[in-house]
Every structure is written in C-alpha cells, then in structure tokens.
Amino acid sequence: MADGPGTVGPVPLLIACALGIEQFALRSGRGRAETVPGPVSVLRTGMGPRAAETAVARALGQERAPGTAVLASGFCAGLVPGMHPGDLVVADETREAGDSTVCTGPGLLAEALARAVPGHAVHTGPLTGSAHVVRGHERAELRATGAIAVDMESAATLRTALRSGPRPVAAVRVVVDAPEHELVRIGTIRGGISAFRVLRAVLPAFHEWHRSLLLPRR
C-alpha cells in the first residue's frame, strides 16, 4: 500500500560495525523477530576510519530509500576510571579531528539499553575517534577532552552517513577494555567474552530506537 499525504513510510536501519565477530554478535543476537518499521541490515565495514567511510558511502550510495537510519556499533575502549568490560557507551556526539556529529535520541537509546541488558552500566557522553588502538597516556589525554570512550570507526561512520543526506544517526559501543582492564593484561579474554555477550543482547534496544523515529515530534 502506498503512503498517503503526510504519512511517513518505513525507515530502513543500517547497523555498521568493523569486525566479523561484531557482525556475528549483532546478527545472531536475540530480538531479530521483533516487528521493526523497515528493513534492518548489519554492514561489516572493516577496521579503521577510512574503511568505515568507504563501506558506508558505498552502502548509502546504493540505497533506494533516502533517510536510512545509521547506527554505529561494536566494541570500544573505555576512558573513564571505573568502567568495566561489558559496560555500554551511548554517544551523544562523535568526535574526530576537531569536528563533531550530534547523535539522534541518545537518551532513548540509553533507557532502552538499560532494559535490554539489565545489570550492565550504560554511560552517555562523547565518543571520540582514533586511527589506531589507544593505550596509556593517550587514553588519559583523550579523557581530558571530555570523551568517555574511543573507537576507530563510529565518527567516520556517522560523518559519512550525514554527508550522504539528512538521516537519524547514533552510536552504541560495548566496552571491551578500560583504564583498569587494558587489552594487554592477562584476563582480557574474560572481558572480551563479557563484551560479546552484551553485544548479542542489544538488538531489541536498537529496534526500539528505530521504531521511535516514526513517532510524531513534539
């Protein structure tokens, strides 16, 4: 049935992640059968901002439905002391090279994630980008800018998505290492397993955010 005047049609959702293990977690997680307002796809971009930019530009350049919502997801490094593997990060903005991208509905996403993954902390704040894995003093320097987490693809993903046209954008990451739990330390495997399990559980929250895009704006 065609949409009538003033009617909003289905909004596709593109979930972008870098790694095969992230894509597997998002595709195999619970919640795939829920009713959603449009097609949902999980795009593996490859690692790094350049790979993310190329993959997202290609995917959105082929879209038949302008306005596709884009959500960057996967793992990240936490910057705030006290963070643990398995904590969730909801970006209110993504940052790279002095530029920032404001995210759509971070409060709604944070609330939905708290319901979807009870018992895991949800942190909301700036998510900064890096072209390499961040350790030691670099982590402290990024924390001093006000960022709460860092990853390599989210900022490039959202920037590229908006360059292709206006659309809702968001970023949700799962902490895989943190100031007291760096990847180089023994015991990181356990943290990685925890982060993987959390990433498998986030899809219902993404669907809830996706559905909210059709609600009337006040």
Side-chain angles (χ1 to χ4, degrees), residues 1-3 5-29 31-32 34-76 89-106 108-109 126-132 150-174 199 202-203 205-215 217:
M1 180 181 295
D3 297 319
T7 302
V8 179
V11 178
L13 171 62
L14 176 68
I15 303 171
C17 59
L19 305 176
I21 189 67
E22 296 168 334
Q23 185 184 49
F24 176 74
L26 290 162
R27 283 182 169 176
S28 63
R32 297 261 337 147
E34 292 190 6
T35 301
V36 293
V40 178
S41 57
V42 181
L43 172 70
R44 178 185 175 186
T45 65
M47 286 185 64
R50 189 167 299 177
E53 181 176 354
T54 299
V56 172
R58 182 183 301 117
L60 295 178
Q62 297 170 348
E63 72 175 0
R64 296 182 179 180
T68 293
V70 174
L71 198 157
S73 193
F75 303 129
C76 70
V89 171
V90 178
D92 56 14
E93 64 173 320
T94 58
R95 300 174 176 175
E96 63 173 345
D99 294 325
S100 67
T101 300
V102 176
C103 297
T104 307
L108 187 151
L109 258 175
L127 175 62
T128 195
S130 173
H132 59 274
V150 57
D151 78 287
M152 292 195 288
E153 298 83 25
S154 291
T157 293
L158 302 197
R159 169 177 50 79
T160 304
L162 290 177
R163 183 185 295 165
S164 301
R167 67 188 73 249
V169 294
V172 173
R173 292 277 171 172
V174 181
L199 192 59
V202 298
L203 206 56
F206 293 179
H207 289 171
E208 187 171 336
W209 176 79
H210 188 201
R211 286 193 298 269
S212 78
L213 302 178
L214 295 183
L215 297 177
R217 297 290 184 255

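Just so it is clear, the structure is predicted and the values come from calculations on it, not from any experiment.
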Side chain to side chain contact (heavy atoms under 4.5 Å, CB included) involving Ala155 - partner list, sequence neighbours excluded =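 Checked Ala155 against side chain to side chain contact (heavy atoms under 4.5 Å, CB included); matches are Thr94, Glu96.
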Under the side chain to side chain contact (heavy atoms under 4.5 Å, CB included) rule, collect the residues that match up with Ala69, sequence neighbours excluded.
-> Val11, Leu13, Pro168, Trp209, Leu213
[X] to [Y] - nearest heavy-atom pair and separation:
X: Ser130; Y: Pro49; answer: O-CD, 4.1 Å
X: Leu108; Y: Ser212; answer: CD1-CB, 3.5 Å
X: Ala91; Y: Pro106; answer: O-CB, 3.6 Å
X: Ala52; Y: Ala156; answer: CB-CB, 4.3 Å
X: Val90; Y: Val172; answer: CG2-CG2, 4.4 Å
X: Gly129; Y: Val150; answer: C-CG2, 4.2 Å

Can you tell me how far the [atom1] atom of [X] sits from the [atom2] atom of [Y], to the nearest 0.5 Å?
X: Thr101; Y: Arg163; atom1: OG1; atom2: CZ; value: 10.0 Å
X: Ser28; Y: Leu203; atom1: OG; atom2: CG; value: 10.0 Å
X: Leu127; Y: Ser154; atom1: CG; atom2: OG; value: 4.5 Å
X: Phe75; Y: Leu199; atom1: CZ; atom2: CG; value: 5.0 Å
X: Leu19; Y: Phe24; atom1: CG; atom2: CZ; value: 14.0 Å
X: Thr128; Y: Asp151; atom1: OG1; atom2: CG; value: 9.0 Å

Criterion side chain to side chain donor-acceptor pair (under 3.5 Å) on Ser73 and Arg173, from CA distance to verdict = CA-CA 5 Å; Ser73 193; Arg173 292 277 171 172; 5.9 Å; no
Partner of Leu14 by side chain to side chain contact (heavy atoms under 4.5 Å, CB included), out of Leu71, Val40, Val169, Leu60 =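 The side chain to side chain contact (heavy atoms under 4.5 Å, CB included) with Leu14 is passed solely by Leu60 among Leu71, Val40, Val169, Leu60.
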N/O donor-acceptor pair under 3.5 Å between Glu22 side chain and Ala18 backbone =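 Yes.
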Would you say Arg167's side chain and Gly165's backbone share a donor-acceptor pair under 3.5 angstrom?
->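 Yes.
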All salt bridge (Lys or Arg N to Asp or Glu O under 4.0 Å) counterparts of Arg50, not counting sequence neighbours |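 Salt bridge (Lys or Arg N to Asp or Glu O under 4.0 Å) check on Arg50 returns nothing, list empty.
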Who are the salt bridge (Lys or Arg N to Asp or Glu O under 4.0 Å) partners of Glu93, not counting sequence neighbours?
->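 Arg95.
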How about Glu53 and Glu153: do any of their side-chain heavy atoms sit closer than 4.5 Å?
-> no
Within-4.5 Å side-chain heavy-atom neighbours: Val202 and Leu26 =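 They are in contact (side-chain heavy atoms under 4.5 Å apart), so the answer is yes.
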Should Cys103 and Leu158 be marked as a side-chain contact (heavy atoms from CB on, under 4.5 Å) after you check the CA-CA gap, both sets of side-chain angles, and the distance that decides it?
-> CA-CA 8 Å; Cys103 297; Leu158 302 197; 3.8 Å; yes
Please list every donor-acceptor pair under 3.5 Å in which a side-chain atom of residues 41-48 meets a protein atom from a residue at least two apart or in another chain.
residue	atom	partner	partner atom	Å
Thr45	OG1	Cys17	O	3.3

